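Working notes for the structure below.
Scope of the values below: all heavy atoms of this structure, side chains included, with no hydrogens, waters or symmetry mates. In this text the structure is predicted, and so the values were computed from the model without any measurement.
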Amino acid sequence: MTGSTFVLGLIAVYFIWRLYRAFSEPAQKAPDKIRLVSKETGEVLEMHIVQTKAPKEKLDWNENAFLTAAKFVFQKISTAFANCDLKELKRALAPDVYRIFEADILARQAKKQKMDFSLICFDSADIVKKTPNNDEVTVRFKTEQINLLKDEKGKILEGDGMSISVMQDTWVFKQIVKEAWIVTS
């Protein structure tokens with residue numbers, strides 16, 4: 001099997017999995033909004049989140065909607081990190097977390113290295129801790145990813161383009177104003 005055949009096979013499996021998920025989930029209702037606001041710049045990133053289950057009664061905080069938004073943010077931040085998108089990261093991260101991401105990106109750029117990131121799927125996303133008023137929520141993500149670090153000529157320095165890694169990350173989301181969240185850890 002050639003590399004391009006394998007990649008095409010992976011893409012086909014991904015789309016079949018997405019179709020299966022789309023048709024096996026209940027009908028969706030109107031989207032809710034969640035916004036992330038940068039503490040430093042005040043810039044707003046607004047996300048429209050579709051609930052897959054209607055709550056039995058109107059609640060101020062919807063765990064399913066939050067986890068859907070958290071998965072979206074996980075993918076957006078991971079992609080921005082791989083693409084060295086400091087502007088996007090600054091919007092969604094607490095200043096001390098941003099500085100860690102920025103330092104890694106600047107070190108990569110100084111070495112003329114490039115990161116390739118492919119999120120294959122979420123195996124799970126679970127709330128492991130939250131404050132009583134739900135303004136700080138810790139989420140454990142278990143994902144399948146392909147991560148490569150390449151030099152300026154495209155030679156792979158770290159990772160394997162033919163292997164999917166199962167990764168586990170724990171992120172802390174903090175609400176800074178109503179409906180505005182940042183990643184603090």
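Across all their heavy atoms, Ser185 and Val97 have their closest contact at N-CG2, 3.8 Å. Across all non-hydrogen atoms, the minimal contact from Cys84 to Arg108 is SG-NH1, 3.6 Å. A pairwise comparison of heavy atoms in Ala125 and Leu67 identifies O-CD1, 3.6 Å as the closest pair.
Scored by the salt bridge (charged side-chain N to carboxylate O under 4.0 Å, His left out) test, Glu63 finds Lys130 as partners (sequence neighbours excluded). Residues satisfying the side chain to side chain donor-acceptor pair (under 3.5 Å) criterion with Asp104, sequence neighbours excluded, are absent altogether. In this structure, the side chain to side chain donor-acceptor pair (under 3.5 Å) partners of Asn133, at least two apart in sequence or on a different chain, are Thr131. Considering only residues two or more places apart in sequence or on other chains, Phe74 meets the ring-ring contact (aromatic ring centres under 6.0 Å, His included) condition with Phe122, Phe141, Trp171. Legend: residues meeting side chain to side chain contact (heavy atoms under 4.5 Å, CB included) with Gln75, ordered by chain and number and at least two apart, are Thr79, Leu119. Thr138 meets the side chain to side chain contact (heavy atoms under 4.5 Å, CB included) test with Val128, Lys129, Thr170, Val172; sequence neighbours excluded.
The side-chain contact (heavy atoms from CB on, under 4.5 Å) test with Trp181 is passed by exactly one of Ile176, Val73, Val137: Val137.
The side-chain heavy atoms of Val183 and Ile77, taken from C-beta on, include a pair separated by under 4.5 Å. The closest side-chain heavy-atom distance from Gln113 to Glu152 is not below 4.5 Å. Here the side chains of Leu93 and Phe101 are in contact, with some heavy-atom distance below 4.5 Å. Residues Met167 and Asp169 meet the side-chain proximity criterion, which asks for heavy atoms closer than 4.5 Å. Counting heavy atoms from C-beta outward, Asn134 and Phe66 have side chains that stay 4.5 Å or more apart.
The distance from atom CD1 of Ile105 to atom CG of Asp85, rounded to the nearest 0.5 Å, is 8.0 Å. The distance from the CG atom of Leu86 to the CZ atom of Phe81 is 10.0 Å, given to the nearest 0.5 Å. Interatomic distance, CD1 of Ile156 versus NZ of Lys114, reported as 11.0 Å (0.5 Å rounding).
Here Glu102 does not pair with Arg99 in a salt bridge; the nearest charged N to carboxylate O distance is not below 4.0 Å.
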- Using the side chain to side chain contact (heavy atoms under 4.5 Å, CB included) rule, take Glu88 and Lys76 through it: C-alpha gap first, then chi angles, then the decisive distance, then the call. CA-CA 8 Å; Glu88 185 66 44; Lys76 192 162 191 73; 3.2 Å; yes

- Query: Could you go step by step and tell me if Lys112 and Asp151 meet the side chain to side chain contact (heavy atoms under 4.5 Å, CB included) rule?
  - Reply: CA-CA 6 Å; Lys112 297 182 180 179; Asp151 67 13; over 6 Å; no

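Within the 3.5 Å criterion, the main-chain N or O of Asn64 finds a donor-acceptor partner in the side chain of Asn62.
Connection of Val139 to Phe72 is established within a shared hydrophobic cluster, with ILVMFWY side chains joined at heavy-atom distances below 4.5 Å, either directly or through further cluster members.
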Run the side-chain donor-acceptor check on residues 143-150: report pairs under 3.5 Å with partners two or more places apart or on a different chain.
{"from": "Thr143", "atom 1": "OG1", "to": "Gln145", "atom 2": "NE2", "distance (Å)": "2.8"}
{"from": "Gln145", "atom 1": "OE1", "to": "Asn147", "atom 2": "ND2", "distance (Å)": "2.8"}
{"from": "Lys150", "atom 1": "NZ", "to": "Asp116", "atom 2": "OD2", "distance (Å)": "2.8"}

